[in-house]
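Data first, discussion second: the structure below is written as structure tokens.
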Amino acid sequence: MSNYNFIQLRVEEAVGIIELYRSEVLNALNRKMVDEIVEALESYDRNERIRTIVITGNEKAFAAGADIEEMANDDPVTLEKLNQFAVWDKIALVRKPIIAAVNGYALGGGFELVLNCDIIIASEKAMFGFPEVNIGAMPGAGGTQRLTKVIGKTKALEWLWLGETMSAKEAYQLGVINRLVAPEIVFEEAMKFAKRLSKQAPLSLKLIKEAVNKAVDSSLQDGLQLERKNFYLLFGSKDQKEGMKAFIEKRQPNFTGE
Ligand code: DAK
């Protein structure tokens, strides 16, 4: 694949941008679109020129969920054979930082895509939520787990059970998003953040991401062990030597990713 139908890719400096591109249905995620997103993420992850990834939608929607028309008549056997979970699971394996720039709706699978990102910059007009309960379903790509890890059990149950839309302000107060900005500057702010990250030592960013994800997914002891292993590993990198040398010499470091 590389002729994409539902996303558009472009690169700005060392930032790989993925724009969701299915505006006629509020960027509803059909299966092909999820395949394309995952393929683009993996290709940016492999590309040595890319240091940070930004995913965005349009003014009205980041993504209003999985494509309801496509899945309306699915049965468990079809779903099992499609094994979509295997595709979604690949998002969490991307090692570079992923920033979501969210305007408009981020619902259901769209919110799950956002929660798979590492940094979330949202417009004051962004709207988040899991409305699956309203159509007799439930989140299928990690929403019950990831939202609960972020906001805790009682609040997660309230949002998941009521299926209401969470305003950007509520999402900010709950700690779901990093930054709340005016709609016109969401993408610009995400790019600023991405470019700052692109200047950091790439290996440090990757290993910090791995360690933080471990903290979310495992016991404190398991997480601490991984953190220590990664901490030692960085002392084998040229960027660690360069970073500390630059500090001592009172100059900006020049990181190469090695
Ligand atoms: N799917 C398909 N089409 C959608 C859609 C969606 N999720 N959301 C919007 N659209 C379409 C609408 O049908 C409409 O199409 P036309 O009628 O123009 O052909 C067009 O987008 C514009 O939408 P509206 O006319 O409804 O626009 P409004 O501004 O009036 O309303 C809305 C915006 C976001 C409130 C409304 O569109 C809405 O309620 N949309 C559905 C939101 C929703 O329920 N989302 C959750 C879907 S379930 C899995 C992975 C993930 C998932 C499941 C499994 N596996 C790995 C197995 C995820 C499931 C979901 O996300």
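One-based numbering, in listed order, for ligands and for the atoms of each.
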>> I'd like to know if K32 and E39 make a salt bridge, using a cut-off of under 4.0 Å between side-chain N and carboxylate O.
In response: no
> Does the protein put any heavy atom within less than 4.0 Å of atom 43 (C) of ligand 1?
Replying inline: yes
> Relative to ligand 1, is A28 under 4.0 angstrom through side chain, backbone, both or neither, heavy atoms considered?
Replying inline: side chain
> Is it true that K214 and E227 make a salt bridge, defined as a side-chain N closer than 4.0 Å to a carboxylate O?
Replying inline: no
>> Less than 4.0 Å from atom 30 (O) of ligand 1, is there any heavy atom belonging to the protein?
In response: no
>> Between Q145 and G142 (side chain of the first, backbone of the second, donor and acceptor by atom type, cut-off under 3.5 Å), is there such a pair?
In response: no
> Under 4.0 angstrom from ligand 1, any heavy atom of D67?
Replying inline: yes
>> If the threshold is 4.0 Å, N to carboxylate O, is there a salt bridge linking K192 and E189?
In response: yes
> Is the backbone of E19 close enough, under 3.5 Å, to the side chain of Q8 for a donor and an acceptor to pair up by distance?
Replying inline: no
> Is the shortest distance from a heavy atom of P131 to ligand 1 less than 4.0 Å?
Replying inline: yes
> Just heavy atoms, cut-off under 4.0 Å: does E70 contact ligand 1 by side chain, backbone, both, or neither?
Replying inline: neither
> Right, does atom 58 (C) of ligand 1 have protein non-hydrogen atoms nearer than 4.0 Å?
Replying inline: yes
> For atom 40 (N) of ligand 1, is the nearest protein heavy atom under 4.0 Å away?
Replying inline: no
> Which atoms of ligand 1 sit under 4.0 Å from any heavy atom of G109?
Replying inline: 58 (C), 60 (C), 61 (O)
> Of the listed options (L26, V25, N30), which comes nearest to atom 15 (O) of ligand 1 when hydrogens are ignored and any heavy atom counts?
Replying inline: V25
> Do any non-hydrogen protein atoms sit less than 4.0 Å from atom 25 (O) of ligand 1?
Replying inline: no
>> Quick check for you: to the nearest 0.5 Å, what is the distance between N27 atom CG and I7 atom CD1?
In response: 11.0 Å
> Between K90 and D45, does at least one N-O distance fall below 4.0 Å, as a salt bridge requires?
Replying inline: no
>> Return the closest protein heavy atom for atom 38 (C) of ligand 1 as residue, atom name and distance.
In response: L107 CD1, 5.0 Å
> Can you list the ligand 1 atoms lying under 4.0 Å from a non-hydrogen atom of E112?
Replying inline: 51 (C), 58 (C)
>> Set out, in order, the CA-CA distance, both residues' side-chain angles and the distance that settles side chain to side chain donor-acceptor pair (under 3.5 Å) for Q240 and S237, then state yes or no.
In response: CA-CA 6 Å; Q240 177 271 326; S237 74; 5.4 Å; no
> Could a heavy atom of M127 be found less than 4.0 Å from some atom of ligand 1?
Replying inline: no
